[in-house]
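Below you'll find the structure, written out as structure tokens, and then a few comments.
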Amino acid sequence: MVVTRIAPSPTGDPHVGTAYQALFNYVFAKQHGGKFIVRLEDTDRTRYNPTSERRILEMLEWLGLSPDESPTKGGPNGPYVQSQRLPIYRQHVQMLLEKGAAYRAFDTPEELAAAREAARRAGKQEQGYNRRYRDYPAQEAERRAAAGEPHVVRLKVPLEGKTVVHDLLRGSIEFENAALDDKVILKADGYPTYHLAAMVDDHLMGVTHVIRAEEWITSTPFHILILRAFGWEEPVWCHTPLLRNPDKSKLSKRKMDTSVDSYKAQGILPEALLNYLGTMAWSMPDGREIFSVQDMIKHFSLERISLGGPVFDLNKLKWMNGKYIREVLSLDDLAQRVKPFLERAGLSYPSETYLKQALEAMRARFETLQEFVDRSLYFFSEAYPMQEKALAKLREGAAFLPELREQLSGLPDLLPDHTEPLLKGFAEAKGVKAAAVMQPLRAALTGSLETPGMFDLLTLLGKERVLKRLERAMELVGE
RNA sequence: GGCCCCAUCGACUAGCGGUUAGGUCACCGCCCUUUCAAGGCGGCGGCAGGGGUUCGAAUCCCCUUGGGGUCACCA
């Protein structure tokens, strides 16, 4: 059975890179009827962020990438939080120690720094640990450890030969063992490092395919060496390209908004975000750009992943979100999605029908849910702002306002059947273009020059509000 | 800098020896039009460079260049 996983570390906001990896791992697992696991890698106590853990898990649910096994869901191979698995790691480190595949090292951080500095000055090309304790007498090491002397455990990396990474997308990647160093697998605080913990957990959890970002390529030989030290089989390695900032560097929150929570707050739809991420380094065989996770599961193949690092383009994400808003979601669905945003803005609506009509009228005019709120204030409140350009237009047509108000007030209702002939006739009678009447009216009713069509506006606002707004506008321009 | 990965329009990509190098975003123009959008139509724009291999290279190989990643008791 195919088993994939993502192993985020709870150090900050839920990252789009995590969502990206989750998508590929989820889709691949589902496509093969396998399992998708989420495991939290919280072995760095200094960077641990308590809310991050919960938010990462919530993000995955929001996206609909529900794991089969996770800290919240549990599963047969738990716990799924590494800090709760310390005994497992210690036990495995012990195994390596006994096999002679790892050794205790008593260097202090200061000593290590000094050694690195000395090596640098000597102009040494190879960096990394100088292996001072590699051949240290085992009994002596055990004695010092037993005495409580702080130390780490390092893997004994072969001094010769090479380790080959068989990457699904790149073929064989060779690394000279001589260029590797003896990495720490157990820290002085008793926590494992990523390398050890990830390999132990992947093995114990039955992970068959490690699909992760390419930043891990250079540590893969080390991971393979750990696996071999235990006598375990390797998973399939598949390193996907890194998402990039516009300047092509690795996507980072310093240069870009990388927080999924932030996109959610802006009103980016989960399916649009997922769809967009699905077009990063991957494409549908038939070239479709709008597709669901289900579509992706149907047509996905790891081999179609392209290797160039894709730039995360906010502009296209927003375009795609707009596409979902106007073409993919049903009106009912859209209404449900927008409600929390209205509520947060303190806006209410008279009825479900009214909300849907406003949405329908605005649909082609906003790309995020928050934009709907920002641009539709006049549908929900009398406290809408009067934009400068709109005010100017209002002044231009101020002279028409009283008569316009008079005529509109004479209508039984403001449905298009009545308003359309009235407004067109009005302009004609005045010998002006329709816009000369429409624009000032638009400004009066919405404070804006960018709105849905006039007849939709009049229908939606209704006679009472229209007349009131016209009166206020006349006061404003002193007519 | 060492090691490793990568390289098609500004961005995302299709292409896997024979195509007028296709699509999407962005940009520009036109149409539609009461505004703004949306939509339709059209345009601009690319195989990093140089060597090979081949009857034939965007496609295969090598070099150069460029970009990126990684070199922690972080993941």
Side-chain angles (χ1 to χ4, degrees), chain A residues 7-11 41-44 46-47 105 107-109 112-113 116 120 123-129 150-154 165 167 169-170 173-176 179-181 183-189 191-195 197-198 213-221 239 241-242 244 246-250 276 279-290 304 306-313 315-320 322-323 326-327 362-367 375 389-390 393 420 423-424 427 433-439 441-443 446 448-455 457:
Chain A
S9 77
T11 55
E41 313 242 320
D42 61 343
T43 55
D44 183 354
T46 61
R47 294 204 305 159
D107 315 80
T108 64
L112 290 175
R116 261 195 290 270
R120 193 189 60 79
K124 276 205 175 180
Q125 224 41 278
E126 295 85 39
Q127 298 180 8
Y129 183 52
H151 65 283
V152 301
V153 175
R154 289 176 180 271
V165 176
D167 184 86
L169 299 176
R170 301 154 213 265
I173 306 170
E174 297 189 352
F175 294 86
E176 291 292 339
L180 271 28
D181 75 342
K183 290 226 182 310
V184 172
I185 55 177
L186 189 70
K187 299 183 249 183
D189 63 5
Y191 280 69
T193 57
Y194 169 84
H195 306 295
E214 67 180 326
E215 58 184 326
W216 293 106
I217 288 181
T218 47
S219 41
T220 305
H239 292 91
L242 239 15
R244 311 289 185 91
D247 70 2
K248 299 277 191 182
S249 57
K250 171 165 96 168
Y276 179 66
T279 66
M280 302 267 78
W282 191 77
S283 61
M284 270 289 182
D286 65 5
R288 244 182 309 169
E289 290 224 296
I290 302 299
R304 274 190 78 80
S306 62
L307 266 15
V311 171
F312 193 82
D313 182 6
N315 182 53
K316 192 159 183 182
L317 203 214
K318 281 191 67 182
W319 166 79
M320 194 170 274
K323 197 86 175 155
R326 72 185 95 92
E327 290 178 20
M362 287 296 293
R363 212 170 189 181
R365 296 176 170 82
F366 63 97
E367 291 186 317
R375 295 173 190 180
K389 284 181 180 171
K393 273 287 175 222
E420 196 163 345
L423 286 175
K424 294 197 167 149
K433 281 193 272 186
V437 177
M438 301 282 207
Q439 287 294 71
L441 181 57
R442 187 186 313 280
T446 67
S448 169
L449 256 23
E450 299 166 10
T451 78
M454 180 55 67
F455 309 116
L457 279 177

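The chains referred to below are lettered A, B, ... by the order of the sequence lines, with proteins before strands, and numbering in each begins at 1.
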Could you check whether A:L112 gets within reach of a base, just the sugar-phosphate, or nothing at all, counting any heavy atom under 4.0 Å?
base
Please classify the nucleic acid contact of A:S249 as base, sugar-phosphate, or nothing, using heavy-atom distances under 4.0 Å.
sugar-phosphate
With sugar-phosphate meaning primed atoms plus P, OP1 and OP2, does A:T43 contact a base, only sugar-phosphate, or nothing at under 4.0 Å between heavy atoms?
sugar-phosphate
Provide, to the nearest angstrom, the distance between the CD1 atom belonging to A:I185 and the C1' atom belonging to B:rA72.
16 Å
Between B:rC25, B:rA38, B:rG39, which nucleotide has the shortest distance from any of its atoms to the side chain of A:K316?
B:rC25
Categorize A:R244 for me: base, sugar-phosphate, or nothing, with a 4.0 angstrom heavy-atom threshold over every strand shown.
sugar-phosphate
On a whole-Å scale, what distance lies between the P atoms belonging to B:rU64 and B:rC41?
47 Å
Taking the P atom of each, how far is B:rC44 from B:rG10, in whole Å?
14 Å
Could you please name the option among B:rC73, B:rU34, B:rU24 that lies closest to any side-chain atom of A:E289?
B:rU24
5'-most contact on RNA chain B: A:E327 or A:W319, nearest heavy atom basis?
A:W319
Contact class for A:R288 (heavy atom, under 4.0 Å): base, sugar-phosphate, or nothing?
nothing
Sugar-phosphate, base or nothing in reach of A:I173, heavy atoms under 4.0 Å:
sugar-phosphate
Of all the nucleotides listed (B:rU35, B:rG69, B:rC73), which has the minimum atom distance to the side chain of A:A188?
B:rC73
A:E174 near the nucleic acid: base, sugar-phosphate alone, or nothing, with a heavy-atom cut-off under 4.0 Å?
sugar-phosphate
With a non-hydrogen cut-off below 4.0 angstrom, is A:F455 in contact with a base, only sugar-phosphate, or nothing?
base
Using the C1' atom as the reference point in each nucleotide, state the distance between B:rC47 and B:rU59 in Å, no decimals.
10 Å
For the residue pair A:Y276 and A:F312, does the interplanar ring angle fall in the parallel (under 30°), tilted (30 to 60°) or perpendicular (over 60°) class?
perpendicular
Could you tell me how far B:rG45 sits from B:rA21 if I compare only their C1' atoms? Round to whole Å.
13 Å
Between B:rG46 and B:rU53, how far is it from one C1' atom to the other, in whole Å?
25 Å
Hey, is A:D167 close enough to A:R170 for a salt bridge, meaning N to O under 4.0 Å?
yes
Closest nucleotide among B:rC73, B:rU34, B:rC5 to the A:I217 side chain:
B:rC5
Report yes if at least one side-chain N or O of A:K187 is closer than 4.0 Å to OP1 or OP2 of B:rC74; otherwise report no.
yes
Select one nucleotide: of B:rC73, B:rU70, B:rC5, the one nearest the side-chain heavy atoms of A:E214.
B:rC5
When the distance from CZ of A:F312 to P of B:rG10 is rounded to whole Å, what number comes out?
22 Å
Compare the minimum distances between each of B:rA75, B:rU13, B:rU34 and the side chain of A:S283, then state the nucleotide with the smallest one.
B:rU13
Heavy atoms only, 4.0 Å cut-off, all strands: where does A:P310 land among base, sugar-phosphate and nothing?
sugar-phosphate
Please state whether the phosphate of B:rC74, meaning OP1 or OP2, lies under 4.0 angstrom from any side-chain nitrogen or oxygen of A:T11.
no
Write down the distance separating the C1' atoms in B:rA26 and B:rG43, rounded off to the nearest Å.
14 Å
Would you classify A:A213 as touching base, sugar-phosphate or nothing, given that sugar-phosphate means primed atoms plus P, OP1 and OP2, and contacts are heavy atoms under 4.0 Å?
nothing
Could you check whether A:D107 gets within reach of a base, just the sugar-phosphate, or nothing at all, counting any heavy atom under 4.0 Å?
base
Check the distance between B:rU35's C1' and A:R442's CZ and give it to me in whole angstrom.
4 Å
Whether A:K248 contacts B:rC5 is assessed here as follows: a side-chain N or O lying under 4.0 Å from the phosphate OP1 or OP2. Is that the case?
no
Would you say that A:L423 contacts A:V437 through its side chain, given a criterion of any heavy-atom pair below 4.5 Å between the two side chains?
yes
Donor + acceptor pair across side chains of A:S448, A:R442 (<3.5 Å):
no
Between A:G453 and A:K183, just flag the one whose closest nucleotide in RNA chain B comes earlier from the 5' side.
A:G453
Just to confirm, is there a sub-4.0 Å distance from OP1 or OP2 of B:rG39 to any side-chain nitrogen or oxygen of A:K323?
yes
Checking contacts here: which listed nucleotide (B:rG23, B:rC73, B:rU13) is nearest the side-chain heavy atoms of A:S306?
B:rU13
Need one value for A:M280: base, sugar-phosphate or nothing, where a base atom within 4.0 Å counts as base even if backbone is also close, heavy atoms only.
sugar-phosphate
Salt bridge flag under 4.0 Å for residues A:E450 and A:R375
no
Minimum-distance nucleotide (side-chain atoms of A:R170 versus B:rC6, B:rU34, B:rC12):
B:rC6
When we call it a touch if two heavy atoms are under 4.0 Å apart, what does A:P452 touch: a base, just sugar-phosphate, or nothing?
base
Which part of the nucleic acid does A:V152 contact within heavy-atom distance under 4.0 Å: base, sugar-phosphate only, or nothing?
base
Closest to the side chain of A:R365, out of B:rC5, B:rA37, B:rC74, is B:rA37
Which nucleotide in B:rU70, B:rA7, B:rG68 has an atom nearest any side-chain atom of A:L307
B:rA7
Quote, to the nearest angstrom, the C1' distance that separates B:rC27 from B:rC12.
16 Å
B:rC60: pairing nucleotide in any strand, Watson-Crick or G-U under 3.5 angstrom
B:rG52
The Watson-Crick or G-U wobble partner of B:rA26, with both key distances under 3.5 Å, is none
